[in-house]
Amino acid sequence: METGCTLCPRACGVDRGRQTGRCKSGSAMRIARAALHHWEEPPLSGERGSGAIFFTGCPLGCAYCQNGEISRLENPGREISPKALCGIMQALVEQGAHNINLVTPTHFVPQIREALMLYKPPVPVVYNSSGYERVETLRSLSGLVDIYLPDFKYAESALAKVLSRAEDYPQAALAAIKEMVEQAGAPVCDEKGIMQKGVLIRHLILPGHTKNSLEALKLIKENFPGIPVSLMAQYTPQRPVPGCPELSRPITRRELQKVQDFLFSLDLPGFVQSRSAKGEAYIPDFHQFETEGPALL
């Protein structure tokens, strides 16, 4: 990796061969879990599951992150080489995964690109990210990624600053998703309804912040016509967020209904998640990976 990391919009300039960057990661690629995952959207999970590979660290670092135990600590998980990543992808394909789902991959893109140049899976490759991306980084993956699964978390810069220390999130994410759409286009599914190519945008409703959600959906409609939205109601409080007492609870039925109705009024295609799809049961068990090790390594 070149000295002075600029992979994500933070462009922290850290030499990650010597110290960790804002993403809490050094230059070595690390993962926390690799397994079939059945909790993605239906076109991704299907009947057999998505082959999810959870990378540790995160460039965005949201204050409310559900996977905080692997995104906030410095260098958790297990170090792997690009060649080892190829073996993990192959094993997931052999287990029947509908796709290879790279979760929070941004800060390891050079290593992931190297792995995909060595082995391009026979199933779609999914780039599953916060949406906080540099266009230049995404362009390095052109032709290697089949499906982009970005979040569009914030339409409000002030909220992005408070919760993710990323005031530039709306602008950065809109530019990144534009690049994703240019590369992959609208979703294409096979005869069984399993997504093979395209972009699906996620939005997580935050308690007390339905205005942000409505504005986010408006921006998606204006900028990405024909691209579906996955409206997520799974917010699960993990820890107190200073200055944001509203984040200490799940979203209410009324909040979900308000945002859902607005989604429908915009005639946006996509999915709406049930409020029941929240809680610890929906958070992957990263400790199991650490203690037992996966059959994939």
Side-chain angles (χ1 to χ4, degrees), residues 8-10 39-41 54 58-72 103-104 106 128-133 149-174 176-177 200-224 227-266 268 270-284:
C8 83
R10 295 197 189 279
W39 303 331
E40 304 289 29
E41 289 79 1
F54 290 85
C58 178
L60 192 54
C62 302
Y64 51 85
C65 181
Q66 281 195 168
N67 297 339
E69 66 181 291
I70 66 167
S71 66
R72 292 170 168 272
V103 184
T104 320
T106 311
N128 182 343
S129 89
S130 68
Y132 194 56
E133 305 280 348
L149 187 62
D151 291 336
F152 187 58
K153 294 178 180 289
Y154 309 112
E156 299 176 352
S157 294
L159 187 62
K161 182 178 182 180
V162 170
L163 297 181
S164 299
R165 298 183 181 179
E167 192 172 7
D168 62 336
Y169 179 93
Q171 297 79 17
L174 287 172
I177 296 171
L200 172 61
I201 302 172
R202 286 173 161 173
H203 177 73
L204 175 68
I205 305 169
L206 295 173
H209 294 287
T210 56
K211 181 183 175 184
N212 174 66
S213 292
L214 304 188
E215 290 300 318
L217 292 177
K218 267 200 267 187
L219 285 172
I220 292 170
K221 173 72 173 181
E222 292 168 5
N223 288 276
F224 311 112
I227 301 300
V229 175
S230 177
L231 193 59
M232 299 190 296
Q234 70 187 41
Y235 178 79
T236 302
Q238 291 296 298
R239 62 190 66 79
V241 178
C244 299
E246 72 279 8
L247 296 182
S248 64
R249 61 169 176 83
I251 68 167
T252 64
R253 186 181 304 277
R254 182 177 180 181
E255 286 172 325
L256 174 58
Q257 192 68 52
K258 179 180 179 180
V259 180
Q260 176 181 291
D261 288 348
F262 190 69
L263 174 81
F264 294 155
S265 75
L266 292 175
L268 275 169
F271 306 88
V272 178
Q273 186 182 50
S274 165
R275 284 175 64 248
S276 64
K278 64 180 183 294
E280 300 295 332
Y282 289 86
I283 300 173

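Basis for what follows: all heavy atoms, side chains included, without hydrogens, waters or symmetry-related copies.
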Exercise. Identify the heavy atoms of G270 and P228 that sit nearest to each other, and give their distance.
Key: CA-CB, 3.9 Å
Exercise. Quick one: pull up NZ in K211 and CG in L206 and give me the separation to the nearest 0.5 Å.
Key: 15.0 Å
Quiz item: Would you find more than 12 non-hydrogen atoms of other residues, nucleotides or ligands less than 6.0 Å from R249 atom CZ?
Solution: yes
Quiz item: side chain to side chain contact (heavy atoms under 4.5 Å, CB included) between V241 and V162: does it pass, once the steps are laid out?
Solution: CA-CA 10 Å; V241 178; V162 170; over 6 Å; no
Self-check item: For the student: nearest non-hydrogen atoms of L266 and K218, plus distance
Solution: CD1-N, 4.1 Å
Exercise. Would you please test I177 and N223 for side chain to side chain contact (heavy atoms under 4.5 Å, CB included) and show each step?
Key: CA-CA 9 Å; I177 296 171; N223 288 276; over 6 Å; no
Quiz item: Using a distance-only test with no angle check, is there a side-chain donor-acceptor pair under 3.5 angstrom linking Q273 and S230?
Solution: no
Exercise. Could you check if a side-chain atom of F224 sits within less than 4.5 angstrom of a side-chain atom of V229, using non-hydrogen atoms only?
Key: no
Quiz item: P250 and P207: which non-hydrogen atoms are nearest, and at how many Å?
Solution: O-CB, 4.0 Å
Quiz item: According to the interplanar angle, ranging from 0 to 90°, do the rings of Y169 and Y132 count as parallel (below 30°), tilted (30 to 60°) or perpendicular (above 60°)?
Solution: parallel
Practice problem: Determine, stepwise, if the pair F271 / L200 fulfils side chain to side chain contact (heavy atoms under 4.5 Å, CB included). | Solution: CA-CA 10 Å; F271 306 88; L200 172 61; 4.3 Å; yes
Self-check item: Spatial distance of atom CD1 (I205) from atom CD (Q234) [nearest 0.5 Å]
Solution: 10.5 Å
Quiz item: Got a second to check how far L231's CG is from S213's OG, nearest 0.5 Å?
Solution: 7.0 Å
Quiz prompt | Whether H203 side chain and F152 backbone form a donor-acceptor pair below 3.5 Å | solution = yes
Quiz prompt | For the student: nearest non-hydrogen atoms of P242 and P240, plus distance | solution = CD-O, 3.6 Å
Practice problem: Kindly compute the distance separating CG (L217) from CG (L263), expressed to the nearest 0.5 Å. | Solution: 5.5 Å
Self-check item: Gap between atom NZ of K221 and atom CG of L268 - 0.5 Å precision
Solution: 5.5 Å
Quiz item: So, the side chain of S157 versus the backbone of E167: is there a donor-acceptor pair under 3.5 Å, distance only?
Solution: yes
Self-check item: Non-hydrogen atoms of S265 and F262 that approach each other most closely
Solution: OG-O, 2.7 Å
Practice problem: Please check if the side chain of E255 supplies one atom and the backbone of G208 the other of a donor-acceptor pair under 3.5 Å. | Solution: yes
Quiz item: Is a donor on one side and an acceptor on the other found under 3.5 Å between the side chain of R202 and the backbone of K153?
Solution: no
